[in-house]
Enquirer: 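Please read through the structure below; I'll follow up with questions.
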Amino acid sequence: MDKNINVLIVDDYKTMLRIIRNLLRQLDFNNVDEATDGAQALSMLRAGNYGLVISDWNMQPMTGLQLLQEIRADAKLKHLPFIMVTAESKTENVIAAKQAGVSNYIVKPFNAETLKEKIEKVLVHA
Amino acid sequence: MLEVSKEAIFDRIGNRLEEIRQRHREATSPEAVADIVVQVLSTMRGDLSGPEAALLAEVEQIGRTIAAAKREIAALRVEDIKQAFIPSATDELDAIVEATAKATHEILDSCEALEGALSVLEGAAAEAAQSAVTRIYEACSFQDITGQRITKVVRTLKSIEERIERIVATFSERLPVADAPAPEVPTPMQDPAASLLNGPQLPGNGVDQAEIDRLLASFD
């Protein structure tokens, strides 16, 4: 598993961005960028070279699900590993994310071990 | 007891309405129509059969219930709810989100500083300290969850506000002018200093610790 990849974390709560960044640093992922909504993330992804997206769902103006759909529809980005990290924990949410092509799904609140496990899983299959 | 047919009742009401129309030459308000119906029915009380009298009593009861509801809506002082109570509640909730975010960032600042200092530790001690910092990071995600929950409550309050506005718009022409008595607010205790109990203040509305210290010092 390559820990030198660029990771983009997307969340409209600055606290959450900071927590995930710190947890990633503990896992030795040091190339981490942040975006506060789907639209900003999409333009960063199109302009940069990222190996993993960790995104919240509930954001404006573009949600995490819409971001995922845009990524999967983009020829250059469509294989990018995408982990949804969200408080949306209804079955229909998980199904919708899966149908949109999510690589993994973490429900908030979560622990570091869960984050590590999901990242390893999606990067091994990437 | 004489039984009166529905047609006879409708005829009497119709005749009364026609008289009113002839007299005033203008549209008759719904309230005037209701009054006429009540007057006509009351004059016929002696002519009604048992079931008709029971029906009349039911109709009168419905009328009283509607009148009571109108009085209660007027006494609600909906403008207070719309202009003071709900905005105040949403401001308080926004302040909670802001305060918890600030506290969480301070906790994270401390954790990051602690992690920097951990580099001098080794072995089990370093591992235990690192594990504790990780648990603090995990626990700090509460702020995201509580923030989202509070946002939902704020949305619900705004929805209630919109519904109140619609009720006011619907009844505004029929409600008595807001001279109704204000609803009584239950007080938990009769404390002469109760008016000083206002709870935490929003930023800018109260004094900070430095000002309190200066104020106390001025008594010395």
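In what follows, every chain begins at residue 1, and chains take the letters A, B, ... in the order their sequences are listed.
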Enquirer: For the interface with chain A, which of B/R135, B/Q148, B/H105 has the highest count of heavy-atom pairs at distances below 4.5 Å?
Expert: B/H105
Enquirer: Please check if the side chain of A/K78 supplies one atom and the backbone of A/I71 the other of a donor-acceptor pair under 3.5 Å.
Expert: no
Enquirer: With a 4.5 angstrom heavy-atom cut-off, is it the side chain or the backbone of B/S131 that approaches chain A, or both, or neither?
Expert: neither
Enquirer: Can you say whether A/D12 sits under 4.5 Å from chain B via the side chain, the backbone, both, or neither, judging by heavy atoms?
Expert: neither
Enquirer: Among A/K14, A/R18, A/R21, find the residue that satisfies the side-chain hydrogen bond (donor to acceptor under 3.5 Å, both in side chains) test when tested with A/E34.
Expert: A/R21
Enquirer: List the atom pairs, donor and acceptor, that lie under 3.5 Å between side-chain atoms in residues 115-124 of chain A and the rest of the protein, sequence neighbours left out.
Expert:
none

Enquirer: When only pairs under 4.5 Å are counted, which of A/Q26, A/R25, A/K108 shares the most heavy-atom pairs with chain B?
Expert: A/Q26
Enquirer: Identify, with sequence neighbours excluded, every residue that meets side-chain contact (heavy atoms from CB on, under 4.5 Å) alongside B/A101.
Expert: B/Q143
Enquirer: Are there residues of residues 112-125 of chain B that reach to under 4.5 Å of chain A by heavy atoms, and which ones?
Expert: B/E112, B/E115
Enquirer: Mind checking side-chain contact (heavy atoms from CB on, under 4.5 Å) for B/R149 and listing every partner two or more places apart, or none if nothing turns up?
Expert: B/I145
Enquirer: So, taking the atom named CG in A/D56 and the one named OG1 in A/T36, what distance separates them when rounded to the nearest 0.5 Å?
Expert: 11.0 Å
Enquirer: Kindly say whether B/I96 contributes a backbone atom to a donor-acceptor pair with the side chain of B/T100 at under 3.5 angstrom?
Expert: yes
Enquirer: Counting distance only, does the side-chain N/O of A/T114 pair as donor-acceptor with the main-chain N or O of A/F110 below 3.5 Å?
Expert: no
